[in-house]
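Reading through the structure tokens given below for one structure.
Side-chain atoms are counted along with the backbone in the values below, which use heavy atoms only and exclude waters and symmetry mates.
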Amino acid sequence: MKTSTSSLLLNIESTRLQMIQLAHQFGYANPKVVKCSQKLDSLLNVYHCKMIKR
């Protein structure tokens with residue numbers, strides 16, 4: 001997953017907000033929320049790796 005840092009940060013924030021909205025709508029244990037949380041974890045891992053390589 002190659003993206004610029006700024007677009008990666010925008011994607012992280014968008015996914016975070018989406019996860020919060022889904023959690024309010026369906027509850028924290030809902031599969032949609034869990035899947036979104038996993039996507040956010042993955043994005044954060046990519047960001048972390050980019051920051052280590054600097």
Completion exercise
NZ of Lys50 to OG1 of Thr5, rounded to nearest 0.5 Å, is 4.5 Å
Handout entry: Results of side chain to side chain donor-acceptor pair (under 3.5 Å) for Glu13 - residues two or more places apart only
Key = Arg16
Name every donor-acceptor pair, under 3.5 Å, that has one atom in a side chain of residues 20-39 and the other anywhere in the protein, sequence neighbours excluded.
from	atom 1	to	atom 2	distance (Å)
Asn30	OD1	Lys32	N	2.8

Fill in the blank from the handout: Taking every heavy atom of Ile12 against every heavy atom of Tyr47, the minimum-distance pair comes out as CD1-CB, 3.8 Å
Handout entry: Shared hydrophobic cluster for Met51 and Leu44 (ILVMFWY, side-chain gaps under 4.5 Å)
Key = yes
Completion exercise
Residues at least two apart in sequence or cross-chain that pass side-chain contact (heavy atoms from CB on, under 4.5 Å) with Ser14, listed by chain then number, are none
Completion exercise
Here the gap from Gln18 atom CD to Asn11 atom CG, rounded to the nearest 0.5 Å, amounts to 9.5 Å
